[in-house]
Protein chains: 2
Amino acid sequence: MRPEFKYEKEIAGTANARNRKQEQYRKIVSFLYETGNASIAEIVKHSKISQPLVASLVDDLLGFGVLLDNGIGESIGGRRPNLYCINPAYQYVVGVDINLHTLTIALFDLSNQLIRREEYKNFDLENSSAYTDKLVGKINDVLNEKNISTSQVLAMGLSIPGLIDAKNGVSFTHLTFAEQGLGNYLSEKLGFSVVLDNDARMMALGEKAFGKAKGKKDVLCLNLSNRIGLGIILNEQLYSGKNGFAGEFGHILIDPEGEQCYCGKIGCLETLTSGEILVRNVNEGIEKGQASFLRQAKDEGKSIDLREVVAAINNGDQFAIDQLNKMSDYLGKGLVTLIHLLNPEMIIIGGRLAQTGKYIVDPVRMALNKYAMDRISSETEVVCSDLIDDAALMGTLSNVMKEVLRIS
Amino acid sequence: MRPEFKYEKEIAGTANARNRKQEQYRKIVSFLYETGNASIAEIVKHSKISQPLVASLVDDLLGFGVLLDNGIGESIGGRRPNLYCINPAYQYVVGVDINLHTLTIALFDLSNQLIRREEYKNFDLENSSAYTDKLVGKINDVLNEKNISTSQVLAMGLSIPGLIDAKNGVSFTHLTFAEQGLGNYLSEKLGFSVVLDNDARMMALGEKAFGKAKGKKDVLCLNLSNRIGLGIILNEQLYSGKNGFAGEFGHILIDPEGEQCYCGKIGCLETLTSGEILVRNVNEGIEKGQASFLRQAKDEGKSIDLREVVAAINNGDQFAIDQLNKMSDYLGKGLVTLIHLLNPEMIIIGGRLAQTGKYIVDPVRMALNKYAMDRISSETEVVCSDLIDDAALMGTLSNVMKEVLRIS
DNA sequence: TCATCTTTTAAAATATTTTTTAAAAGTATT
DNA sequence: AATACTTTTAAAAAATATTTTAAAAGATGA
């Protein structure tokens, strides 16, 4: 059950004519979604539909309640134009971000406003209908609370870790129990379409639509938390590879003489760079007597996790910063390979480690200076995400809009 | 001067209507180019233009001489359909492949038939108008010989090594003297449009349109000759990166403890794998007394180059094969990185070393088994190109058709 | 072998879209 | 404040495409 943009009930005429009209409606709505606000004349220019026809289509959409009159704009030398915008409350989009231990549900209106955001910690992911039942319950709670019926939901976007066949809405790693595929399964339970994809890719989409990748053509989005994920945007599009396996950046070869990775191979990037490795190295150092802010917690028998290490770094803990620097050098080596192969405009660092800001960006940049061909690497910006924890969630919204409105 | 698909003289009406008609003509011609042969009914199905209109447009195109009646097709249960095809001799495409020491000029008709192919050895590339004057002369010779006027040339495609801004037709590495950009410069001299791009990318386009990448979505095309080039097809499209630098596969890091590369960095793939390295290693071995078919030539004071090494390998020379095996292992390591990042459907080995066939494919596959995650690498086929020396040339044809007919 | 069913093409009727023309509502300038 | 100039919108006229209907040509099966 893929989402569609349709007003079938309202339109008469033959099949072909209806389709054409639908396409014209979609063009107009999608343009208004992107610009927020436009006059008839601007729509004409963009849509290449004639002015009288645009006027009549906009009229229809006003009648349906899809569009709103948005006052009168500034003139540039003549009659002041009437402006139109999408009715933000005409429909809503549900965004769901499933993580191993945390569930986040968001509700967006058609002006991309976050109406509601609910985060459920210790909502442990398990492969059972019990889990999806709870999930569906939580989603319905959010909708009920805002008094939104299923027919008012344009579609739901879902971000989930692991292997995904996005086209058919099938998850191979988690929630695999549903025979018809996770997307269809949830869709049936919920009563509206569900669009899903892998978390790293959703983060990339989020950055492309609402973050620092906006307007960029070729961007790589790193998800640096306990492990390493990579979402790839090439030629303005999300790239997934033949089977949706693209982006296994954590398992490219960095050190042929290195340790064995959990994947079985020797010297993968993830044996040298990841939140887990950082935490391990910090713990080992402290056990060996290294001075650090984290010593006290350790002495109290608390286990130190990534959250604490990041906090220590941001508090200027020299030892933790040293460990991050070491790690970032390897990360830089890995990124050099990406840059040489893909010549991206920008690399965005996201995930928990992005919260260290300059503490990770600066050593990565240093590593690029050292290991990359300058001609190529000087074309690539390296920045931290500013979407904090919401990149994937925003990505689900963008994914829904892409499907429904076929935004570029 | 970008190529356009136009029959302006023949069409009346207002600007907008003319444009629409042009677009409809283009749709039909492009469909016939791809299928070779189709009935009105098939065009209707594909173009989503109504049957009476398609009939009238095809009529126009027959009148212009663009299309030909191609007899009557097989019925599938009713009246036998009239078939139409592009008039192969309506226009021609010139394809030019510039290499450092060799120039190849080809002439194609609109059915992709190679009408003429001229190869000029020792046609050394130099950055001067003298070179382009000679080039233009050779092209005109070929056209004159076949009695083809400039107006009968749809456009010319050009493949050239080095850095290229394909969009604006500017070459940054070779033939940089022309102020208006190489494409425009040649265009003015020749009297028809010129479309140009980098040689590795043209090889990839050639494979996509006419070689083993046909119908595939994500394919990597290696150009293995003296150096290493990589042409990348992702989501069915050629990928160039932000500045057209994408595909610097030869300079990804393989061995942090390795030799210094000519690019300045340590341990690049090209310090371990390339035609040059293979030739060097073979020569060194023979100097040290290694038995080989190549010993005789060496003793006679002839310098052994890549062509000879490839021949020796194909004759079963054990030493040369050993050296190739060693090299292929490194190449495999590099390809693992590509596979993990991009999850391609297929990797095509082209260039001079592709002529060793199984001698290179088998050890590369072995290396993939060893170094790559099976789940991902088992999805990727590794094959040798079967376009021999013409991949880039065929790519220029495809590039022209892409520009003019906007083939998928 | 004839009647029925398909598919393809053509022509007439209908519907839609665009172009043209003009009016309305502003701005800028003298 | 009046005039000239723009831009935006609306309505009528013209052009264009689509649907419907029908005819032509061949396939299939009793």
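Just so it is clear, the values below take in all heavy atoms, side chains as well, and ignore hydrogens, waters and symmetry mates. All figures in this text were calculated on a predicted structure; none of them were measured in a lab. Chain letters run A, B, ... following the sequence lines, proteins first and then strands; every chain starts at 1.
For A:Ala55, the listed nucleotide lying nearest its side chain is D:dA10; candidates were C:dT9, C:dT17, D:dA10. Closest to the side chain of B:Ala41, from the set C:dT9, D:dA10, C:dT17, is C:dT9. If you check C:dT17, D:dA17, D:dT18 against the side chain of B:Gln24, the one that comes closest is D:dA17. Comparing C:dT9, D:dT19, D:dT9 by their closest approach to the side chain of B:Pro81 singles out C:dT9.
Rounded to an integer number of Å, the gap from CG of A:Asp69 to P of D:dT9 is 10 Å. The CD-P distance, from B:Glu42 to C:dT6, rounds to 20 Å in whole Å. One atom, CG of A:Asn82, and another, P of D:dT7, lie 17 Å apart when rounded to the nearest Å. The nearest whole Å value for the distance from the NZ atom in A:Lys45 to the C1' atom in D:dT9 is 14 Å. Atom CG in A:Leu57 sits roughly 12 Å away from atom P in C:dT16 (whole-Å rounding). Atom CD1 of A:Ile49 and atom P of C:dT16 are 15 Å apart (whole Å). Straight-line distance from the NZ atom of B:Lys48 to the C1' atom of D:dT19: 18 Å, rounded to whole Å. The NZ-C1' distance, from A:Lys21 to D:dT18, rounds to 14 Å in whole Å.
For the pair B:Leu205 and B:Ser398, the tightest heavy-atom approach, listed with the atom from each and the gap, is O-OG, 4.0 Å. Scanning all heavy atoms of the two residues, the minimum distance from B:Lys212 to B:Met346 falls at O-SD, 3.4 Å.
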Could you list the protein-to-nucleotides 12-14 of chain C atom pairs, N/O on both sides, closer than 3.5 Å?
none

Under 3.5 Å, which protein N or O atoms sit close to an N or O of nucleotides 24-26 of chain D? Give each pair with its distance.
{"unit_1": "D:dA25", "atom_1": "N3", "unit_2": "B:Arg79", "atom_2": "N", "d": "3.1"}
{"unit_1": "D:dG26", "atom_1": "N2", "unit_2": "B:Gly77", "atom_2": "O", "d": "3.2"}

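Within the 6.0 Å centre-distance limit, the rings of A:Phe64 and A:Tyr25 are counted as a close aromatic pair.
Put simply, B:Arg20 has a side-chain N or O that comes within less than 4.0 Å of OP1 or OP2 on D:dA17.
With A:Leu107 as the partner, the side chain to side chain contact (heavy atoms under 4.5 Å, CB included) test is satisfied by one option alone out of A:Val153, A:Ile115, A:Leu397: A:Ile115.
In this structure, A:Glu345 contributes its side chain and A:Asp218 its backbone to a donor-acceptor pair below 3.5 Å. Here the side chain of B:Asp109 pairs a donor or acceptor atom with the backbone of B:Ser111 at under 3.5 angstrom.
Environment of NZ in A:Lys242: crowded, with over 12 heavy atoms of neighbouring residues, nucleotides or ligands closer than 6.0 Å.
A salt bridge is absent between A:Glu23 and A:Arg20: the closest approach of a Lys/Arg side-chain nitrogen to an acidic carboxylate oxygen does not fall below 4.0 angstrom. Comment: B:Glu42 does not engage B:Lys45 in a salt bridge, judged by the lack of any side-chain N to carboxylate O separation of less than 4.0 angstrom.
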